[in-house]
Amino acid sequence: QVQLLESGGGLVQAGGSLRLSCAASGRTFRRNAMAWFRQAPGKEREFVSAINWIGGTPYYADSVKGRFTISRDNAKNTVYLQMNSLKPEDTAVYYCAARSRIFVSSSANEYDYWGQGTQVGVSS
């Protein structure tokens, strides 16, 4: 079993920045893909970004490309999401997810473990 714990959410003004962290514990897989999803009120959960645990090109949703950066620290079993130039439409609960495979996917159904989520609010 893998446990994921997100942190770093909060309320910021438009144009501000936040850095989300996701710490993995338990039966951690060195070769699994990690991702961030988000869910706004009344909307479906959507893909934000993903990264292969062993390296490779990160993937981003078009809506966050150029503003968000995903990274990972394998020694700490932690994945980060640096969010810059935040917009009100980025307001959502952000979830960290882990997949028991090497390669990333943008489909939430492909991920096996989920964190409890962290709230991000962006005011205009």
Side-chain angles (χ1 to χ4, degrees):
Q1 195 74 329
V2 176
Q3 291 82 43
L4 303 174
L5 182 62
E6 303 100 333
S7 60
L11 179 64
V12 297
Q13 290 187 333
S17 298
L18 283 173
R19 188 194 194 202
L20 304 183
S21 299
C22 172
S25 61
R27 185 186 174 189
T28 55
F29 296 97
R30 289 287 178 177
R31 294 166 62 83
N32 63 338
M34 302 291 291
W36 289 94
F37 288 79
R38 67 186 181 186
Q39 188 166 18
K43 294 187 177 181
E44 293 186 355
R45 191 168 298 189
E46 66 173 356
F47 171 78
V48 175
S49 181
I51 188 168
N52 295 328
W53 198 251
I54 57 173
T57 303
Y59 295 85
Y60 300 97
D62 288 341
S63 59
V64 306
K65 200 171 294 183
R67 300 187 297 121
F68 291 10
T69 302
I70 191 171
S71 62
R72 80 268 193 253
D73 184 336
N74 291 352
K76 296 182 178 179
N77 286 331
T78 301
V79 177
Y80 305 97
L81 185 68
Q82 178 66 43
M83 305 186 296
N84 298 329
S85 302
L86 283 162
K87 304 176 181 180
E89 51 263 43
D90 294 319
T91 295
V93 177
Y94 283 71
Y95 296 91
C96 176
R99 189 180 189 214
S100 300
R101 292 178 179 266
I102 295 174
F103 301 110
V104 302
S105 170
S106 61
S107 173
N109 293 333
E110 298 289 334
Y111 288 82
D112 304 292
Y113 305 98
W114 292 84
Q116 84 290 347
T118 184
Q119 177 72 52
V120 171
V122 184
S123 62
S124 58

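These figures come from a predicted structure and were not determined experimentally.
Cluster membership check: Val12 shares its hydrophobic cluster with Val64, using side-chain heavy-atom separations under 4.5 Å among Ile, Leu, Val, Met, Phe, Trp and Tyr. Hydrophobic clustering, with ILVMFWY side chains joined whenever heavy atoms are under 4.5 angstrom apart, keeps Val104 apart from Val48. A continuous path of hydrophobic side-chain contacts links Phe68 to Val79 [ILVMFWY only; heavy atoms under 4.5 Å].
Remark: Arg67 engages Asp90 in a side-chain hydrogen bond (donor to acceptor under 3.5 Å, both in side chains) (not counting sequence neighbours). Partners of Asp62 under the side-chain hydrogen bond (donor to acceptor under 3.5 Å, both in side chains) rule, at least two apart in sequence or in another chain, are Lys65.
Atom CD of Gln119 sits about 11.0 Å away from atom CD of Gln39, to the nearest 0.5 Å. Between the CH2 atom of Trp36 and the CG atom of Leu20 there is a distance of 4.5 Å, given to the nearest 0.5 Å. The line from OH of Tyr95 to CG of Leu4 is 13.0 Å long, rounded to the nearest 0.5 Å. From Met83, atom CE reaches atom OG1 of Thr69 across 11.0 Å, with rounding to the nearest 0.5 Å. Rounding to the nearest 0.5 Å gives a distance of 8.0 Å between CG of Leu11 and OG1 of Thr91. To the nearest 0.5 Å, atom OH of residue Tyr60 and atom CD1 of residue Ile51 are 7.0 Å apart.
Taking every heavy atom of both residues into account, Glu6 and Gly115 meet most closely at OE2-CA, 3.2 Å. Minimum heavy-atom separation, Ala33 to Asn52: CB-OD1, 4.2 Å. What you find for Ala50 and Ser105 is that their closest heavy atoms are CB-O, 4.5 Å. Here the shortest heavy-atom pairing between Val93 and Gly117 reads CG1-CA, 3.8 Å. Shown here for Val2 and Ala24, the closest heavy-atom pair between the two residues is CG1-CB, 4.5 Å. In plain terms, the two heavy atoms of Gly9 and Leu18 that are nearest each other are C-CD1, 4.5 Å.
Counting only residues at least two apart or in different chains, disulfide (SG to SG under 2.5 Å) contacts with residues 81-123 comprise Cys22-Cys96.
Inspection of the Tyr111 and Arg99 side chains reveals no N or O donor paired with an N or O acceptor under 3.5 Å.
Classification of the Phe47-Phe37 ring pair by plane angle, with boundaries at 30° and 60°, yields perpendicular.
No donor-acceptor distance shorter than 3.5 angstrom exists from the side chain of Ser85 to the backbone of Gly15, with no hydrogens or angles considered.
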From CA spacing to verdict: side-chain contact (heavy atoms from CB on, under 4.5 Å), Ser100, Asn32: CA-CA 5 Å; Ser100 300; Asn32 63 338; 5.6 Å; no
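Residue-environment remark: CD (Gln13) stays at or below the threshold of 12 foreign heavy atoms within 6.0 Å.
Here the side chains of Lys76 and Ser21 are not in contact, with every heavy-atom distance at 4.5 Å or above.
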